[in-house]
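Comments concern the structure below.
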Amino acid sequence: MSDNDESHMAQALALARRGLGTTWPNPSVGCVVVGASGEIVGRGVTAPGGRPHAEAVALDRAGRSAADATLYVTLEPCAHEGRGAACADAIAAAAPARVVVAMGDPDPRTAGDGIARIRAAGIEVTEGVLHDEAYEVTLGHVLRITEGRPAVTLKLAVGSDGLVPRGEGGAPTWITADLARAHAHLLRARTDAILVGRGTVVADNPSLTCRLPGMECRSPVRVILDRRLRTPTDARLFEDEMVPVWFICARDEMEPNAAALQELGAEVIPVEIDAHGLPAIREALDQLARRGITRLLVEGGPSVAHVFLDGGLVDEAVIYQGSSPAGSEGLLPFVSEGLDRLTESGHFTLTQERTFGPDRMTWWQRHKRCSPALSAT
């Protein structure tokens, strides 16, 4: 491993981050091809919808310059054919001198075979460059394969008193200013789906779309936990017909409103009910993963936040804290517990702090799980 390897892999990771939220059901992968004289001759990121893969895009742009070059890729090249040739075979045919891979792919269709095919073609392979950074970018794909669920980011907005403001009259109560809210919309743009409970829909009547200028097309799938499908059919959710709405409800308890919601274009996903009287979160995540969701942003109220945290299903949490208190009508973030239920649990590490004008953001990550093993060398 060299400084150049880390520098070029960092560029590939920047490309991969750019594609987050657009490539599901496939992971967002970045690829950089560096010519023999050190110049970049090709770049690629997984295309929206998951195809073509980053390696195919980068190799196409590099053309004949890929021969004798070094190819940097954030995830092990696939070893299975889809709508095109397996990336491992395409790389072997392009004949670069060397391939640098950040991390292995746990997908059983690849799982070391991609690297093995490249080595079998006589190409040198270096593994593990910026592995941890690649693992964070690819976590949704890893968990979908290994645990049958998407990666979950819990987003909370609280006042200076640590309480969640209560929405009133079908309109949200803002506790943070414009810059912090814009950053929260960037989170939406980088996730595949956003989830809230019916209570949030009734209290705030949100659209749950990304409203950053020029990024409206990056709005995630809207997922609503609604046990008896009582969401009003005139909710703002249905104003944008281009962004899917999925309802997760109780199996065998679907109400007549189901037909009306489906007529509006919504998909209804029945699951069992848990001890809290909510649609079973673990089964709901399984259903989302089966539909290709790899990254889920949870913006629900305290009840939803509590269920995810209590179930050990929060992989990272983003907390925006305003400069003013939510006041006497504010709610505890986890029903009967404050922020320390997460921040002092010993399960999360503070990885980032930022200020947005008067507001403060903290980013917490669950302690690292075991990442996919690299192939045998």
Side-chain angles (χ1 to χ4, degrees), residues 1-24 26-78 84 87-88 90-92 94-105 110 114-115 118 123-142 151 183 186-187 189-191 214-215 218 294-295 351-352 354 363 365 371-372 374-375:
M1 187 188 305
S2 68
D3 291 342
N4 281 340
D5 282 349
E6 291 196 353
S7 175
H8 292 310
M9 187 62 77
Q11 293 179 62
L13 284 165
L15 291 170
R17 291 187 185 97
R18 187 183 302 172
L20 291 174
T22 70
T23 66
W24 64 279
N26 290 341
S28 183
V29 175
C31 182
V32 173
V33 183
V34 180
S37 59
E39 79 284 8
I40 294 177
V41 296
R43 294 182 179 90
V45 62
T46 309
R51 291 281 184 172
H53 288 180
E55 300 95 318
V57 175
L59 288 173
D60 182 63
R61 291 174 176 171
R64 294 182 179 179
S65 298
D68 299 322
T70 300
L71 183 146
Y72 295 85
V73 63
T74 59
L75 181 68
E76 177 183 4
C78 67
C87 289
I91 292 170
R98 182 166 167 256
V99 173
V100 181
V101 181
M103 62 173 284
D105 188 348
T110 295
I115 289 174
I118 295 170
I123 299 168
E124 177 188 348
V125 178
T126 300
E127 306 176 51
V129 177
L130 299 188
H131 172 276
D132 290 351
E133 292 87 340
Y135 183 68
E136 295 301 331
V137 173
T138 318
L139 181 62
H141 170 69
V142 172
H183 188 266
L186 183 60
L187 291 184
R190 297 177 66 184
T191 54
M215 298 187 72
R218 297 281 294 265
T294 68
R295 295 167 56 85
T351 59
Q352 185 182 159
R354 289 183 64 179
W363 198 302
Q365 289 186 335
S371 57
L374 295 166
S375 65

Which distance, rounded to the nearest 0.5 Å, do you find between the [atom1] of [X] and the [atom2] of [Y]?
X: Ile115; Y: Asp105; atom1: CD1; atom2: CG; value: 9.5 Å
X: Met215; Y: Leu186; atom1: CE; atom2: CG; value: 5.5 Å
X: His141; Y: Thr23; atom1: NE2; atom2: OG1; value: 10.0 Å
X: His8; Y: Cys31; atom1: NE2; atom2: SG; value: 12.5 Å
X: Arg218; Y: Arg190; atom1: CZ; atom2: CZ; value: 8.5 Å
X: Cys87; Y: Ile118; atom1: SG; atom2: CD1; value: 9.0 Å

Does the side chain of [Y] come within less than 4.5 Å of [X]'s, by heavy atoms?
X: Thr46; Y: Pro27; result: no
X: Glu133; Y: Arg17; result: yes
X: Glu6; Y: Tyr72; result: no
X: Thr351; Y: Glu136; result: no
X: Thr74; Y: Ser28; result: no
X: His53; Y: Val29; result: no

On a heavy-atom basis, which atom in [X] and which in [Y] lie closest, and how many Å separate them?
X: Gln11; Y: Ile40; result: OE1-CD1, 3.0 Å
X: Ala58; Y: Gly44; result: CB-N, 3.7 Å
X: Ala88; Y: Gly114; result: CB-O, 3.5 Å
X: Ala69; Y: Gly35; result: CB-CA, 4.0 Å
X: Pro77; Y: Ile91; result: CG-CD1, 3.6 Å

Taking the inter-plane angle between the rings of His183 and Trp363 on a 0 to 90° scale, is it parallel (under 30°), tilted (30 to 60°) or perpendicular (over 60°)?
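Correct class here is perpendicular.
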Quick check on Arg43: does its CZ atom have over 12 non-hydrogen neighbours (other residues, nucleotides or ligands) under 6.0 Å away?
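For Arg43, atom CZ is not crowded (no more than 12 foreign heavy atoms under 6.0 Å).
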Pick out which of Val129, Val137, Leu130, Leu75 makes a side chain to side chain contact (heavy atoms under 4.5 Å, CB included) with Met103.
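Result: among Val129, Val137, Leu130, Leu75, Leu75 is the only option passing the side chain to side chain contact (heavy atoms under 4.5 Å, CB included) with Met103.
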Among Val34, Val125, Val33, which residue satisfies the side chain to side chain contact (heavy atoms under 4.5 Å, CB included) criterion with Leu71?
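For Leu71, the side chain to side chain contact (heavy atoms under 4.5 Å, CB included) test succeeds with only one of Val34, Val125, Val33, which is Val33.
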